[in-house]
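Only this structure's heavy atoms are used, side chains among them; waters, hydrogens and symmetry mates stay out.
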Amino acid sequence: MKIYLIILFSIFALPVLAQDAPVKWATQETFFEDLAGKDLPAFSGLTIDKKPFTNFDLKNQVTVINFWFEKCPPCIAEMPELNKLLSKYGKNGVRFIGITHDSPASAKRFQKRNGYKYKIVSLSKDEIRRLNINHGFPSNILVGKDGKIIYATANISFSDPQFKAKSVLFEEKLKAELERN
């Protein structure tokens with residue numbers, strides 16, 4: 001009889017002990033969600049003209065950061081969309097920075113060949129890894145004037161149904177940040 005009481009008690013006690021919040025699995029999406037509100041980490045690299053560039057160069061500016069590299073087909077595929085964003089919002093004071101682990105010379109040749117319009121900053125693979133704000137390539141990070149990350153997503157595409165909703169949300173958050181300032 002004691003065994004039955006213990007089993008019965010255990011069955012009714014399980015819901016009380018169960019976790020109320022849903023489990024949040026670690027995915028690229030949850031990684032990006034967790035970045036919102038965090039400070040843009042410090043970084044230091046070289047532009048394609050081999051001039052120093054740090055996160056302090058972005059102070060008090062709304063910034064879009066695109067993580068890419070030369071041999072990344074999805075990175076290259078989104079560049080026309082990114083160039084359109086730059087054309088649309090660059091005149092409103094938004095900074096557009098492309099961060100790559102390619103060397104400054106290689107990135108300069110790539111930019112000339114492919115017409116990628118972002119200001120390009122080269123960091124080492126280790127420096128990019130230490131930033132811990134990109135989760136694969138490409139990654140796109142929206143940073144407010146206060147230096148805090150507003151939104152992050154992988155690919156930007158307003159035509160590919162797989163990425164369109166998040167791309168539209170990225171642009172809406174960009175517009176909202178501009179209106180706020």
Side-chain angles (χ1 to χ4, degrees), residues 15 17-45 53-69 72-86 88-90 92-101 116 118-181:
L17 299 174
Q19 180 177 340
D20 289 333
V23 174
K24 190 172 180 182
W25 297 100
T27 64
Q28 185 180 48
E29 191 170 304
T30 59
F31 175 84
F32 285 140
E33 287 171 2
D34 289 344
L35 290 176
K38 293 185 178 175
D39 289 326
L40 176 65
F43 68 87
S44 179
F53 191 94
T54 72
N55 57 301
F56 294 111
D57 293 308
L58 304 173
K59 191 174 180 178
N60 298 317
Q61 298 175 60
V62 176
T63 305
V64 173
I65 300 174
N66 170 245
F67 287 89
W68 69 281
F69 65 98
C72 169
C75 300
I76 295 166
E78 77 175 357
M79 287 179 178
E81 300 275 8
L82 297 172
N83 283 340
K84 286 178 190 172
L85 281 177
L86 184 143
K88 194 170 182 180
Y89 297 102
N92 296 344
V94 178
R95 290 289 298 270
F96 290 84
I97 306 298
I99 293 181
T100 183
H101 56 70
Y116 180 51
Y118 279 35
K119 180 176 196 75
I120 299 174
V121 178
S122 291
L123 302 176
S124 72
K125 287 180 182 179
D126 283 341
E127 289 169 317
I128 291 172
R129 198 172 305 119
R130 276 194 299 272
L131 286 175
N132 198 31
I133 59 173
N134 75 310
H135 195 274
F137 292 90
S139 292
N140 295 280
I141 314 293
L142 175 61
V143 181
K145 282 187 175 183
D146 61 0
K148 298 217 179 282
I149 296 170
I150 297 168
Y151 187 71
T153 189
N155 301 66
I156 296 283
S157 176
F158 295 95
S159 57
D160 185 333
Q162 182 180 359
F163 304 114
K164 184 174 182 174
K166 291 189 182 199
S167 301
V168 168
L169 183 57
F170 189 91
E171 186 173 15
E172 286 173 0
K173 297 230 181 226
L174 174 57
K175 286 180 195 174
E177 183 65 12
L178 288 173
E179 289 170 6
R180 197 170 75 85
N181 293 301

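- The shortest side-chain heavy-atom distance between V62 and L142 falls under the 4.5 Å cut-off.
- In the model, N155 has no side-chain atom that pairs as donor or acceptor with a side-chain atom of Q162 under 3.5 Å.
- K148 pairs by the salt bridge (charged side-chain N to carboxylate O under 4.0 Å, His left out) definition with D39, not counting sequence neighbours.
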Exercise for the section: Walk me through it: do L85 and F96 pass the test side-chain contact (heavy atoms from CB on, under 4.5 Å)? Expected result: CA-CA 9 Å; L85 281 177; F96 290 84; 4.0 Å; yes
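- Residues satisfying the ring-ring contact (aromatic ring centres under 6.0 Å, His included) criterion with F43, sequence neighbours excluded, are absent altogether.
- Distance check, rounded to the nearest 0.5 Å: OG of S44 to CG of N55 gives 8.5 Å.
- Side chains of K119 and F53 form a contact here, defined as non-hydrogen atoms less than 4.5 Å apart.
- With a 4.5 Å cut-off on side-chain heavy atoms, I65 and L40 count as touching.
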Practice task
Take I97 and L58, measure what side-chain contact (heavy atoms from CB on, under 4.5 Å) needs, and give me the verdict at the end.
Solution key: CA-CA 9 Å; I97 306 298; L58 304 173; 3.8 Å; yes
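- Qualifying side-chain hydrogen bond (donor to acceptor under 3.5 Å, both in side chains) partners for Q61, counting only residues two or more places apart in sequence or in other chains: R95.
- A distance of 12.5 Å separates CG of L35 from CD1 of I150, quoted to the nearest 0.5 Å.
- The structure places CZ of R130 at 6.0 Å from OG of S124, a figure rounded to the nearest 0.5 Å.
- Atom OG1 of T100 sits about 9.5 Å away from atom CG of N66, to the nearest 0.5 Å.
- Interatomic distance, I99 CD1 to E127 CD, rounded to the nearest 0.5 Å: 10.0 Å.
- Contact annotation: the side chain of I128 never approaches that of F69 to less than 4.5 Å [non-hydrogen atoms, C-beta and beyond].
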Exercise for the section: For K38 and I133, run side-chain contact (heavy atoms from CB on, under 4.5 Å): C-alpha distance rounded to whole Å, both residues' side-chain angles, the deciding distance at 0.1 Å, then the answer. Expected result: CA-CA 10 Å; K38 293 185 178 175; I133 59 173; over 6 Å; no
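- Closest of all the heavy-atom pairs between E78 and A154 is OE1-O, 4.0 Å.
- For the pair D57/V121, no side-chain contact is recorded, criterion being any heavy-atom separation below 4.5 Å from C-beta on.
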Handout entry: Working for salt bridge (Lys or Arg N to Asp or Glu O under 4.0 Å), residues E177 and R180
Key = CA-CA 5 Å; E177 183 65 12; R180 197 170 75 85; 3.1 Å; yes
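- With sequence neighbours excluded, no residue forms a side-chain hydrogen bond (donor to acceptor under 3.5 Å, both in side chains) with N60.
- Applying the ring-ring contact (aromatic ring centres under 6.0 Å, His included) criterion to Y116, with sequence neighbours excluded, gives W68, Y118.
- Using a 4.5 Å heavy-atom threshold, the side chains of F163 and E81 count as separate.
- Residues passing the salt bridge (charged side-chain N to carboxylate O under 4.0 Å, His left out) test with K88, sequence neighbours excluded: E171.
- Here I156 contributes atom CD1 and C75 contributes atom SG; the two are 12.0 Å apart, rounded to the nearest 0.5 Å.
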